[in-house]
Amino acid sequence: MPDHIYKKIELTGSSTVGIQEAIENAISKAAETIRDMRWFEVVETRGHIIDGKVAHWQVTIKVGFSLSE
């Protein structure tokens, strides 16, 4: 079994629906150009408030992916 080398990048996804959709939006967009993504970790969650209500979620994640052999 070969050893793997990983790289991490930071992404911020957004959604008007919720935190999970913001994460999924970031990951699905990154998947268009980044291969071999393996994990993510949430590093920050924040939101935008309009008229006393949550209008928008923003979630910053770090995504780890393996580098090609």
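Bear in mind the structure is a predicted one, so any value in this text is a computation, not a measurement.
Every residue was checked against the side-chain hydrogen bond (donor to acceptor under 3.5 Å, both in side chains) condition with T16, not counting sequence neighbours, and none meets it. Taking S28 as the reference, nothing meets the side-chain hydrogen bond (donor to acceptor under 3.5 Å, both in side chains) condition, with sequence neighbours excluded. Qualifying side chain to side chain contact (heavy atoms under 4.5 Å, CB included) partners for I49, counting only residues two or more places apart in sequence or in other chains: none. K62 is linked by a side chain to side chain contact (heavy atoms under 4.5 Å, CB included) to K8, E10, E41, V43, counting only residues two or more places apart in sequence or in another chain.
The structure places OG of S15 at 10.0 Å from CD of Q20, a figure rounded to the nearest 0.5 Å. Here NZ of K7 is found 14.5 Å from CG of D36. Values are rounded to the nearest 0.5 Å.
Judged as a salt bridge (Lys or Arg N to Asp or Glu O under 4.0 Å), the pairs with a partner in residues 46-59 (not counting sequence neighbours) are, in order, E44-R46.
S68 has its side chain within reach of R35: a pair of non-hydrogen atoms, C-beta onward, lies under 4.5 Å apart.
The hydrophobic cluster containing I27 also includes I5, I9, L11, I19, I23, I34, M37, F40, V42, V54, W57, V59, I61, V63, F65, L67, under a criterion of side-chain heavy atoms closer than 4.5 Å among ILVMFWY residues, counted directly or through chains of members.
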